[in-house]
> 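What follows is a single structure, and I will ask about it in a moment.
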Amino acid sequence: MIQEKKLVEEVSGWLRVYDDGSVDRTWTGPPEVKFMAEPVSPHEQFIDGIATRDVTIDQNSGLRARIYLPEEENPKFPIILHFPGGGFCISQADWFMYYQFYTRLAKSIPAIVVSVYLRLAPENKLPAACDDGYAALLWLKSLSKGESNEPWLNTHGHFNRVFLIGDSSGGNIVHEVAKRSGFIDLNPLRLAGAIPIHPGFVRAQRSKSELEQPQSPFLTLDMVDKFLALALPNGCTKDHPITCPMGSFAPPIDTLNLPPLMYCVAEKDLIKDTEMEYYELLKKANKDVELFHSTEMGHSFYLNKIAIDTDPVTAAQTSKLIEGIKVFINKH
C-alpha cells in the first residue's frame with residue numbers, strides 16, 4: 001500500500017513542504033496575481049529596448065544568471081548584480097515581477113543587470129543563497145581579468161563600476177556579499193556601491209513595526225516566521241548574522257569594509273524598525289550610506305505590477321525609486 005505524503009508546513013499560498021522532504025511551490029493564492037510569479041522566457045532580440053539571456057556561471061554547480069542588456073549606444077555600461085528576494089525560499093530570476101522592474105531599471109540608467117538564480121531553502125539552507133551571490137561576484141571578477149568570457153558583459157560591461165542590488169531577503173545577500181568582498185582583492189573589478197532594498201533584517205523578538213504596521217501581499221508575519229524557519233540552519237533563530245547583521249552574533253559593522261550604500265526603506269514596511277536599526281549602525285560606524293525613503297509604501301511595493309498600473313501613488317513612488325537608483329549609480 002502506497003503511503004500518502006503528509007503536509008508539514010505551508011506558507012501563505014507560496015509554498016508547501018511535505019514529510020518526505022519534497023517542496024511544492026505552485027501558487028495557490030488568488031489566481032489574478034499568479035502572473036507575477038510566472039517565468040518570462042529570455043529574448044536575445046531587443047524588446048522595448050532590452051535583450052535578455054540566461055547564462056551558466058559555474059558548470060560544476062550549475063549556477064545560472066539572467067542578463068539584461070540595454071539597446072542604448074554606449075561603449076560601456078555599469079553592471080548591477082541582482083539578488084532576488086522571497087525569504088530565501090521562493091522566487092527566481094526570471095519571474096515577471098523582477099522582469100518588469102529590472103528591464104525598466106536597466107533601460108533607465110542605462111546599465112547591464114545580472115540577476116542570479118539562487119538556490120532555495122529548505123532544500124538548500126543558508127548560507128547557500130549567499131554563497132551563490134558571492135560566487136556570481138567572483139565570476140564577474142574572472143570576466144574582468146579575462147579568465148573567462150561572456151560576450152555581452154565583456155563587450156559592454158564596465159567592470160570598474162559594479163553594484164550590488166537586492167530585494168527583501170536579496171538585501172540580506174547584498175550585505176553578506178559586500179561584507180565578504182571586503183576581505184579580498186577584487187582587482188581589476190571595483191565594487192562601486194550596494195543597494196539593499198527593504199532588506200529582511202529582523203530579530204527573534206518582534207519589533208514595534210511588526211506588531212503595528214499593516215501586512216501586505218509581499219510580506220506577512222506568517223511569511224517572515226515560516227520562510228526564515230525553513231531557511232536558517234537547524235537550531236538557529238532570526239538572530240542569526242544573515243538575518244540580523246545588527247545583532248550580537250554578527251561582526252560589528254564598524255569592522256567591515258563596505259562600499260558606498262544606498263539604503264532603501266518604505267514607510268509602511270512591516271520590518272521597518274529593524275531595517276532602520278541597521279541603518280543607524282551604519283551611520284554610527286561612519287559608513288558611506290544614504291537613506292532612500294518611500295512614503296506611504298509597503299514592503300517591495302515596486303515589484304507589484306498591479307499596484308503600479310492601478311494606483312498613481314505606487315506608480316509615482318516606483319518612478320522615484322528608479323530615479324534615486326539612477327542618481328546613486330551615476331554618482332559612483
Side-chain angles (χ1 to χ4, degrees), residues 5-28 37-39 54-67 81-95 97-98 114-140 164-181 196-197 199-202 204 218-219 222-245 249-250 300 303:
K5 60 185 180 182
K6 289 193 175 72
L7 182 70
V8 294
E9 190 61 273
E10 183 166 13
V11 189
S12 303
W14 288 105
L15 171 144
R16 287 146 302 285
V17 182
Y18 294 92
D19 58 355
D20 64 353
S22 62
V23 181
D24 178 12
R25 292 182 174 86
T26 309
W27 172 247
T28 59
E38 288 182 336
D54 287 344
V55 298
T56 300
I57 290 174
D58 186 322
Q59 298 293 342
N60 296 322
S61 69
L63 182 63
R64 296 183 306 134
R66 169 154 295 189
I67 303 175
L81 183 59
H82 170 241
F83 310 125
F88 307 105
C89 292
I90 58 166
S91 88
Q92 292 290 353
D94 60 2
W95 275 17
M97 68 170 71
Y98 298 118
V114 179
S115 186
V116 187
Y117 288 90
L118 303 164
R119 283 176 292 168
L120 300 175
E123 303 95 321
N124 305 282
K125 287 186 175 285
L126 291 170
C130 299
D131 293 343
D132 290 347
Y134 186 57
L137 181 64
L138 295 182
W139 174 67
L140 291 180
L164 308 176
I165 195 168
D167 318 275
S168 193
S169 58
N172 300 58
I173 300 171
V174 167
H175 168 80
E176 192 66 22
V177 173
K179 179 184 83 177
R180 294 188 196 184
S181 72
I197 310 180
F201 296 152
V202 290
F218 283 103
L219 198 67
D222 179 65
M223 289 165 70
V224 171
D225 294 345
K226 290 181 178 177
F227 277 155
L228 296 186
L230 291 169
L232 287 164
N234 293 334
C236 293
T237 72
K238 286 184 282 190
D239 289 330
H240 187 281
I242 292 174
T243 44
C244 187
F249 297 115
S300 297
L303 297 178

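Any value given below was found using the heavy atoms of this structure, including those in side chains, with hydrogens, waters and symmetry copies removed. Residue numbers start at 1 and run along the sequence shown.
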> Return yes when atom CZ of Phe249 has more than 12 non-hydrogen atoms of other residues, nucleotides or ligands closer than 6.0 Å, and no otherwise.
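Counting other residues, nucleotides and ligands, CZ of Phe249 stays at 12 neighbours or fewer.
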> Donor-acceptor pair, distance only, cut-off 3.5 Å: does the side chain of Thr243 make one with the backbone of Lys238?
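The answer is yes, because a donor-acceptor pair under 3.5 Å joins these two groups.
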> State, to 0.1 Å, how close Tyr134 and Ser181 come at their nearest heavy-atom pair, and which atoms those are.
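Scanning both residues completely, I find the closest heavy atoms to be CE1-N, 4.2 Å.
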> Taking all heavy atoms of Leu137 and all of Leu164, pick out the closest pair and write down the distance.
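Closest approach of Leu137 to Leu164, heavy atoms only: CD1-CD2, 4.5 Å.
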> Has the side chain of Ser168 got a donor or acceptor atom that lies under 3.5 Å from a matching backbone atom of Gly86?
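Not a single qualifying donor-acceptor pair exists.
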> Checking side-chain contact (heavy atoms from CB on, under 4.5 Å) between Ile173 and each of Cys130, Pro199, Pro196, which is the one that passes?
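Option passing the side-chain contact (heavy atoms from CB on, under 4.5 Å) with Ile173: Cys130.
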> Asp19 side chain to Lys6 main-chain N or O, any donor-acceptor pair under 3.5 Å?
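Yes: the side chain of Asp19 pairs with the backbone of Lys6.
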> Specify the closest pair of heavy atoms between Glu10 and Lys226, including all atoms of both residues, with the distance to one decimal.
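Closest approach of Glu10 to Lys226, heavy atoms only: O-NZ, 3.1 Å.
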> Keeping Asp132 on the side-chain end and Arg119 on the backbone end, is there a donor-acceptor pair under 3.5 Å?
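Yes, Asp132 side chain to Arg119 backbone: donor-acceptor pair under 3.5 Å.
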> Could you check whether any side-chain N or O of Thr237 sits under 3.5 Å from a backbone N or O of Asp239, counting only pairs where one atom can act as donor and the other as acceptor?
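Indeed, once roles are kept as given, a pair shorter than 3.5 Å links the two residues.
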> With the side chain counted from C-beta on, respond yes when Pro84 and Leu118 share a heavy-atom pair under 4.5 Å apart, and no when they do not.
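Yes; the side chains approach each other to less than 4.5 Å.
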> Could you tell me whether the side chain of Lys125 and the main chain of Leu230 form a donor-acceptor pair under 3.5 Å?
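Yes; judged by distance alone, with no hydrogens or angles, the pair exists.
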> Do Tyr98 and Asp167 pair up side chain to side chain, a donor and an acceptor below 3.5 Å, judged on atom types alone?
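Result is no, nothing qualifies.
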> Determine whether Leu63 and Trp139 satisfy the following criterion, side-chain contact (heavy atoms from CB on, under 4.5 Å), listing intermediate values before the conclusion.
CA-CA 11 Å; Leu63 182 63; Trp139 174 67; over 6 Å; no
> Is the backbone of Gly85 close enough, under 3.5 Å, to the side chain of Ser91 for a donor and an acceptor to pair up by distance?
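Yes: the side chain of Ser91 pairs with the backbone of Gly85.
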> Quick one: does Phe227's side chain get under 4.5 Å of Ile90's, heavy atoms only?
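SC-SC contact between Phe227 and Ile90 confirmed.
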> On the 0 to 90° scale, with breaks at 30° and 60°, tag the His175-Phe201 ring pair as parallel, tilted or perpendicular.
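Plane angle over 60°, so perpendicular.
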> Trp95 versus Leu303: any side-chain heavy-atom pair under 4.5 Å?
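A side-chain contact under 4.5 Å is absent here.
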> Of all heavy-atom pairs between Pro245 and Ala250, which one has the smallest distance, and what is that distance?
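Nearest heavy atoms, Pro245 then Ala250: O-CB, 3.4 Å.
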> Mind listing the closest non-hydrogen atom pair of Leu126 and Ala129 along with its distance?
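Leu126 and Ala129 have their closest heavy atoms at CD2-CB, 4.3 Å.
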